[in-house]
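What follows is one structure encoded as structure tokens, with my remarks underneath.
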Amino acid sequence: ELRKLPEDFLMGGATAAYQVEGALDIDGKGPVAWDTFLVEKGRYTAEPASDFYHQYPVDIELCKKFKIDSLRMSIAWSRIFPKGYGEVNQKGVDYYHQVFAECKKHGITPFVTIHHFDTPKALFDDGDFLNRENIKHFVDYAKFCFDEFDEVYYWSTFNEIYPAATNQYLTGVFPPEIKFDLSKTITALHNMMYAHAQAVNIFKEGSYEGEIGVVHSLEPKYPASDSPEDIHAAELDDALSVKFLMDATYLGYYSEHTMACINEILAANNTSISIDENDFVEMKKAANRNDYLGINNYVSHWVKAYNDESQMFYNTTGEKGTQVYRIKGIGERIQRTDLPRTDWDWLIYPEGIYDLLVRIKKDYPNYQKIYITENGLGYKDTFEDGIILDDDRIDYLRGYFNYISKAIDEGVNVKGYFIWSLMDVFSWVNGYNKRYGLFYVDFETQKRYPKESAYWYKLVSETKTII
Ligand code: BGP
């Protein structure tokens with residue numbers, strides 16, 4: 001028998017400003033670190049990406065046609081404040097008003113992220129979220145958005161605080177390409193959580209109508225074997241990547257167990273951090289004010305103890321079997337060869353989302369509700385005469401939907417799902433051959449073509465049945 005989704009289950013498509021808009025330096029947009037970084041790398045740029053800056057009416061109409069209720073998108077901070085603060089760029093403000101008006105015209109609900117990996121360059125060069133001054137700039141920018149865009153009901157403060165910090169300071173695949181700096185990583189995590197809490201408190205203490213939450217990338221960690229060492233390695237990896245952020249979000253402080261793990265990781269890397277206890281006042285106030293949790297999940301990890309020097313190879317080309325992830329004092333993420341994985345070495349394990357959802361309900365009972373804000377399959381789609389038969393993507397989605405539905409049956413309050421991505425987009429470290437969209441984008445002509453999965457998604461949305 002086929003599983004069902006609740007009648008009011010929201011079906012969405014996700015995007016992020018920098019990955020879809022293009023128009024990197026027109027109409028007054030300020031630069032971000034990615035602009036120069038990508039030019040220096042010389043592989044690809046985010047211009048024009050999916051040209052959403054001009055094509056948004058086409059994409060929003062496609063949402064309507066394919067029964068996609070909600071568009072997850074982000075506002076580019078540097079379109080509003082080209083330097084990150086100070087003078088407002090009216091053309092940037094106008095642009096988002098136009099996008100929201102177009103959504104309204106078609107009955108599509110915008111689900112808006114304030115920060116999605118694109119800190120304005122001036123602030124980025126000044127330390128990004130390692131610099132406490134920038135927390136204030138972020139909060140001011142968030143408040144500006146709440147005041148200005150009253151068309152928006154659903155706000156997310158940050159997209160993926162953990163990948164933002166680790167890609168910058170641990171794996172080093174994002175600018176400024178710093179590797180294995182646990183102290184910077186954890187400081188950035190905490191500072192972003194503190195910034196999130198301030199934005200939530202401003203929203204809740206203001207007279208705004210709507211809901212606010214944060215989007216976390218949460219990846220289940222399982223021990224690679226029954227040995228106590230591997231069990232502990234999985235525990236450490238989980239403490240850093242899941243508990244640290246979930247404690248900050250829903251407790252407003254870090255539990256003793258979480259801090260013990262964090263301090264063990266820091267000590268193994270001969271470093272330490274200091275967290276200002278005063279931050280917890282603001283964070284505790286926000287902890288029960290999150291209207292929802294956004295979860296991005298693509299993979300699960302099996303972790304083995306590892307205490308040698310850190311080593312990393314991040315597979316950005318889709319050459320299967322090349323990924324290496326070993327962090328001193330945390331662990332090594334191994335490839336389970338008995339599980340399917342993508343060409344980018346992302347293990348496919350839909351059951352992981354079930355474990356995660358059930359666990360959140362148990363460990364953070366004040367979570368209120370959950371939206372799956374990203375999930376999907378990065379794939380080298382084949383395009384033949386306008387036809388894209390992406391059965392592997394449909395299988396992937398079906399697997400995830402079934403486990404989400406199972407979690408809902410067991411009482412987890414999941415209210416919606418956003419596929420990453422609505423249309424094919426620019427991928428930060430992979431460029432353009434890792435496609436995720438329901439709609440294929442010919443990046444030469446910017447023409448959109450519905451993939452087989454788009455028709456499947458539409459049927460699921462219409463019938464709330466996982467076919
Ligand atoms: C998440 C990001 C998205 C998106 C997605 C897919 O981490 O929030 O911006 O890029 O992952 O990742 P990738 O493009 O690296 O395959």
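When a ligand or atom number is given, it counts from 1 through the structure's own listing order.
Side-chain N/O atoms of Arg333 and Gln335 include no donor and acceptor closer than 3.5 Å. Between the side chains of Thr316 and Arg43, at least one donor N or O sits under 3.5 Å from an acceptor N or O.
For Thr342 (side chain) and Trp346 (main-chain N/O), a donor-acceptor pair under 3.5 Å exists by modelled atom type.
Given atom 10 (O) of ligand 1, the protein heavy atom at minimum distance is Gln19 NE2, 3.1 Å. Residue, atom and distance of the protein heavy atom nearest to atom 7 (O) of ligand 1 are Glu160 OE1, 2.4 Å. The single protein non-hydrogen atom nearest to atom 5 (C) of ligand 1 is Tyr298 OH, 3.3 Å, given as residue, atom name and distance. Ranking the protein heavy atoms by distance from atom 2 (C) of ligand 1 puts Glu374 OE1, 3.4 Å first.
With Phe129 as the fixed residue, the ring-ring contact (aromatic ring centres under 6.0 Å, His included) test singles out one of Phe124, Phe158, Tyr194: Phe158. The only member of Asp345, Asp338, Asp343 that meets salt bridge (Lys or Arg N to Asp or Glu O under 4.0 Å) when paired with Arg341 is Asp345.
For the pair Lys121 and Trp34, the NZ or CZ position fails the cation-pi test of under 6.0 Å to the six-membered ring centre and within 45 degrees of the ring normal. Under a cutoff of 6.0 Å and an axis angle of 45°, Lys406 and Tyr354 form a cation-pi pair. Stacking of Lys447 on the aromatic ring of Tyr449 is recorded, both the 6.0 Å distance cut-off and the 45° axial limit being met.
Residue Lys434 places at least one N or O, backbone or side chain, under 3.5 Å from an N or O of ligand 1.
Those atoms of ligand 1 with a heavy atom of Ser427 less than 4.0 angstrom away are 13 (P), 14 (O), 15 (O), 16 (O). Those atoms of ligand 1 that come under 4.0 Å of a heavy atom in Asn159, given as number and element, are 8 (O). Numbered from 1 in the order shown, with element, the atoms of ligand 1 that lie under 4.0 Å from a heavy atom of His116 read 2 (C), 3 (C), 8 (O), 9 (O).
If you look at Tyr436 next to ligand 1, the close heavy atoms, those under 4.0 Å, all belong to the side chain. Here Asn430 has side-chain heavy atoms under 4.0 Å from ligand 1, and that is the only part of it that gets that close.
Put simply, part of Trp346 is less than 4.0 Å from ligand 1, judged by heavy atoms.
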